[in-house]
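Values below: all heavy atoms of this structure, side chains included; hydrogens, waters and symmetry mates excluded.
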Amino acid sequence: MVDKDIPASIISIIYPFSQTKVRFHRATTDELWVVGADICNILGLTNISYVSKKLPRTYKHKIETKGGKQVVLWFPLESVYTLCREHNAIDLINWLRMTALQLPSEFKRSTYVFEEPVIIERRTLSKMLDVMEELRLQNVI
């Protein structure tokens, strides 16, 4: 993450199935992190601290909100995938995968609008993402 005194740069994207805002941060190592409260809200989990203790890595850091600076729990994207699998949230996994592929490498503002919408049938997208996940698990990509 970044310096503890500097709020993390974020991009907020709306999860279309529940209209919930999901905030992302890209670390200097190019690793994506997600605000734990956003993911827990989508999954219907209320005890974020308990969930964070079950995950291998979490991180507390400040973000800038309308009300000022706020400390939030960050989950690495790989841990979010694991959490989603435990709760059978396949739609959320697919959306996160597609969103992660389209996020810019450097966040310069707090919201992001995709330049050109990608239109693909959900069944086809799901198959493509499954293949990509299998390749990633085999360390091919």
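- Listed by chain and number, the residues in a side chain to side chain contact (heavy atoms under 4.5 Å, CB included) with Gln19 are Ile14 (sequence neighbours excluded).
- Distance check: Leu32 CG to His25 NE2 gives 9.0 Å after rounding to the nearest 0.5 Å.
- In this structure, the separation between NZ on Lys21 and CD1 on Ile11 is 13.0 Å, given to the nearest 0.5 Å.
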Show your working on side chain to side chain contact (heavy atoms under 4.5 Å, CB included) between Ile10 and Trp74 and close with a plain yes or no.
CA-CA 11 Å; Ile10 61 170; Trp74 291 94; 3.4 Å; yes

List the steps, then state whether side chain to side chain contact (heavy atoms under 4.5 Å, CB included) holds for Glu134 with Gln138.
CA-CA 6 Å; Glu134 186 63 33; Gln138 294 176 15; 2.9 Å; yes

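- When all heavy atoms of Leu92 and Cys84 are compared, the closest pair comes out as CD2-SG, 3.4 Å.
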What verdict does the side chain to side chain contact (heavy atoms under 4.5 Å, CB included) test give for Ile39 and Val34, after you've listed the backbone C-alpha separation in whole Å, the side-chain angles of each residue and the deciding distance to 0.1 Å?
CA-CA 8 Å; Ile39 296 300; Val34 183; 3.5 Å; yes

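- Rounded to the nearest 0.5 Å, atoms CD (Glu86) and CG (Leu45) are 9.5 Å apart.
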Evaluate the criterion side chain to side chain contact (heavy atoms under 4.5 Å, CB included) for residue pair Lys53 and Val51; output intermediate values, then yes/no.
CA-CA 5 Å; Lys53 290 177 185 173; Val51 172; over 6 Å; no

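- By the side chain to side chain contact (heavy atoms under 4.5 Å, CB included) test, Val71 is found to be paired with Lys60, Lys62, residues two or more places apart in sequence or in another chain being considered.
- You'll find the ring centres of Tyr15 and Trp95 inside the 6.0 Å limit.
- Shown here are the side chain to side chain donor-acceptor pair (under 3.5 Å) partners of Thr20, two or more places apart in sequence or in another chain: Ser18.
- Annotation: side chain of Thr99 is in contact with side chain of Phe24 (closest heavy-atom distance under 4.5 Å).
- Side-chain contact between Val22 and Val35: absent, with no pair of heavy atoms (C-beta onward) separated by less than 4.5 Å.
- Pairs passing the side chain to side chain donor-acceptor pair (under 3.5 Å) check and including a residue from residues 37-48, sequence neighbours excluded, read Arg23-Asp38.
- For the side chain to side chain contact (heavy atoms under 4.5 Å, CB included) test, residues two or more places apart in sequence or in another chain that qualify with Thr58 are Ser52, Leu55, Leu73, Phe75.
- Partners of Glu133 by side chain to side chain contact (heavy atoms under 4.5 Å, CB included), not counting sequence neighbours, listed by chain and number: Arg85, Arg97, Arg136, Leu137.
- Here the CG-CG distance, from Asn94 to Asp130, works out to 6.5 Å after rounding to the nearest 0.5 Å.
- Closest non-hydrogen pair, Glu31 versus Pro76, comes out as OE2-CB, 3.7 Å.
- Once rounded to the nearest 0.5 Å, the distance linking OG of Ser49 with NZ of Lys54 reads 13.0 Å.
- How far CG of Leu83 is from CD1 of Ile93: 9.5 Å, rounded to the nearest 0.5 Å.
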